[in-house]
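Take a look at the structure below.
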Protein chains: 2
Amino acid sequence: MTEAELKSASELTRERLIAAAREVFSQNGFQGATVREICRRAEANVAAVNYHFGGKDGLLAEVLNFAPLKALQAANATTSACPRERLQLFIHDFIHMLLDEQHASLQCQIMARELADPTPALDQIVRDAVAPLHEFLGNLLREIGGKSLSEAQLRRSVYSILGQCMFYRNSHPVLLRLNPKLRYDHREINAIAAHIGEFSLAGIAHLAQAD
Amino acid sequence: MTEAELKSASELTRERLIAAAREVFSQNGFQGATVREICRRAEANVAAVNYHFGGKDGLLAEVLNFAPLKALQAANATTSACPRERLQLFIHDFIHMLLDEQHASLQCQIMARELADPTPALDQIVRDAVAPLHEFLGNLLREIGGKSLSEAQLRRSVYSILGQCMFYRNSHPVLLRLNPKLRYDHREINAIAAHIGEFSLAGIAHLAQAD
DNA sequence: TTTACTTTCAAACAGTCGTTTGATACGCTT
DNA sequence: AAGCGTATCAAACGACTGTTTGAAAGTAAA
């Protein structure tokens, strides 16, 4: 923003609250997060959340932002690469979005958490983000697998890819205990993405040729 | 139990509490579950949980039971089937354990929930159930993939399979919204297991031959 | 029946939660 | 400087949470 210095104090606290909420929601989930902790990190009063967002629910809705996920799909659709390369690119970008702690896309990490544990915002998340994502990935796999893939095979292959990606996020606490020196740096993330890409392309190729 | 009529009233309330706790924990997670709701379903007093189990944590530890998961691995290891068939059998049994709502193995569904959201019992779960499971699956994949699979490839292939299986449980709320008529009956569960088996065997075969 | 022990119960406790309140301080126009 | 709408604040509210308490009820041996 070039007009950063024009922002009112009110806008600044709003943004501090959103930033803090992204941290706390992504770390503790919606249920586990407390507005007091969010306000403490934002150096704001406890009442600020209700004043600016109408409540904890309103803050969650404001915090969710599907733009990075949309941008990922848009960028992917406009490349000139072949479908198989586009799948590997998608997996690469998606895994980065889910795991990379530096490159803050906490919004998607929050979303990933809420998928398993319904919150007031789950319907919105599914409608605006998850459904389009599944459709996008389905279309991409259709290009790769051709017409020999049944609708059920296509749908389940989408699940297989998303399941592999989400595993690293959802099971992070477990993987850390199994392998304490695990770190999601760029090298590790790229290796994970490459693995899922190869593994899945082989799986799809097999399904497409089998019948 | 043949000595059911011999059980004291105290033992009966203990068992009612455990059964109720399995339901509530598997539906709402450990955080979301309340001892009052558990006691209400068990038709017991609120203080019963503390009297019999020392607290909510103690009840969780008592509720967790890894016997079904161990039995699955033991049965799998003693078949005379080839490694590829054993993998498909494992996936079939594992998916059934995670998804089948009739055949009550709520213990494993509770465990699956807690993997993403650390609770006081996570260390115990990882040590006694998850680590042996990963090792078991790793050994099985080693038999299938041979020596050409690197340790990293082997480990990530284990993650790929578990990730695909867990996806159907962790993303159940989402999948229900995407496809309201989805039901995890035996036909659907068998189809899911067959898909993951084929998909994964192709992926492993590709990794094993690629280098 | 008396005794000693275990189990249940209603009630309350101490703490945290999200939210509300009414007063105070601020930024702005007039 | 006065006035006005906005934003912040400490404090409290009511509704939960897991847990504790002490009395009542039940159980079984002496």
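Throughout, a chain's letter reflects where its sequence line sits, starting with A, and its residues are numbered from 1.
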Exam field: side chain A:S26 to backbone A:Q109, donor-acceptor pair closer than 3.5 Å: no

Salt bridge (charged side-chain N to carboxylate O under 4.0 Å, His left out) partners of residues 126-138 of chain B, not counting sequence neighbours, each pair once: none

Ring geometry between A:Y159 and A:H134 (parallel below 30°, tilted from 30 to 60°, perpendicular above 60°): perpendicular

DNA chain D: 5'-most and 3'-most nucleotides touching chain A, 4.0 angstrom heavy-atom criterion: D:dT6 to D:dA12

Please tabulate, one pair per line, all N/O donor-acceptor pairs under 3.5 Å involving side-chain atoms of residues 36-44 of chain B, not counting sequence neighbours.
| from | atom 1 | to | atom 2 | distance (Å) |
| --- | --- | --- | --- | --- |
| B:E37 | OE1 | B:R40 | NE | 3.2 |
| B:E37 | OE1 | B:R40 | NH2 | 3.4 |
| B:E37 | OE2 | B:R40 | NH2 | 3.2 |
| B:E37 | OE2 | B:R41 | NE | 2.8 |
| B:E37 | OE2 | B:R41 | NH2 | 3.4 |
| B:R41 | NH1 | B:E23 | OE1 | 2.7 |
| B:R41 | NH2 | B:Q27 | OE1 | 3.2 |

Sub-4.0 Å heavy-atom contacts from residues 31-39 of chain B onto DNA chain D, ordered by number: B:A33, B:T34, B:V35, B:R36

Check: A:S157 side chain, A:I204 main-chain N or O, donor-acceptor pair, under 3.5 Å: no

End-to-end axis angle, where each axis spans five pairs of the helix from C:dT1-D:dA30 to C:dT30-D:dA1, to 10°: 10°

Validation row: B:Y168, B:I189 side chains within 4.5 angstrom (heavy atoms): no

Of all pairs that satisfy salt bridge (charged side-chain N to carboxylate O under 4.0 Å, His left out), the ones with a partner from residues 113-122 of chain B, not counting sequence neighbours: A:R113-B:D117, A:D117-B:R113

Shortest non-hydrogen contact from A:A191 toward B:R156: CB-NH2, 3.5 Å

For nucleotides 21-25 of chain C, list the nitrogen or oxygen atoms of the protein found under 3.5 Å from its nitrogen or oxygen atoms, one pair per line.
none

Plane angle bin for B:F199 and A:F199 - parallel if under 30°, tilted between 30 and 60°, otherwise perpendicular: tilted

Without placing hydrogens or testing angles, list every side-chain donor-acceptor pair under 3.5 Å for residues 171-183 of chain A, not counting sequence neighbours.
| from | atom 1 | to | atom 2 | distance (Å) |
| --- | --- | --- | --- | --- |
| A:R177 | NE | B:D123 | OD1 | 2.8 |
| A:R177 | NH1 | A:P173 | O | 3.2 |

Euclidean distance, atom CD of residue B:E43 to atom P of C:dT8 [Å, nearest integer]: 13 Å

Residues which pass ring pair (Phe, Tyr, Trp, His ring centres under 6.0 Å) with B:F90, listed by chain and number, not counting sequence neighbours: B:F94, B:F136

Listed partners of A:L89 passing side chain to side chain contact (heavy atoms under 4.5 Å, CB included), at least two apart: A:N76, A:T79, A:D93

Check: A:V63 main-chain N/O paired with A:R22 side-chain donor or acceptor under 3.5 Å: yes

For DNA chain C, the residues among residues 49-59 of chain A that have a non-hydrogen atom under 4.0 Å from it: A:N50, A:G55, A:K56

OP1 or OP2 of C:dT6 under 4.0 Å from side-chain N/O of B:S10: no

Nearest heavy atoms of B:Q73 and B:L133, plus distance in Å: NE2-CD1, 3.8 Å

Whole-Å gap separating P (C:dT7) and CG (B:L17): 13 Å

Pairs satisfying ring-ring contact (aromatic ring centres under 6.0 Å, His included), at least one member in residues 34-68 of chain A, at least two apart: none

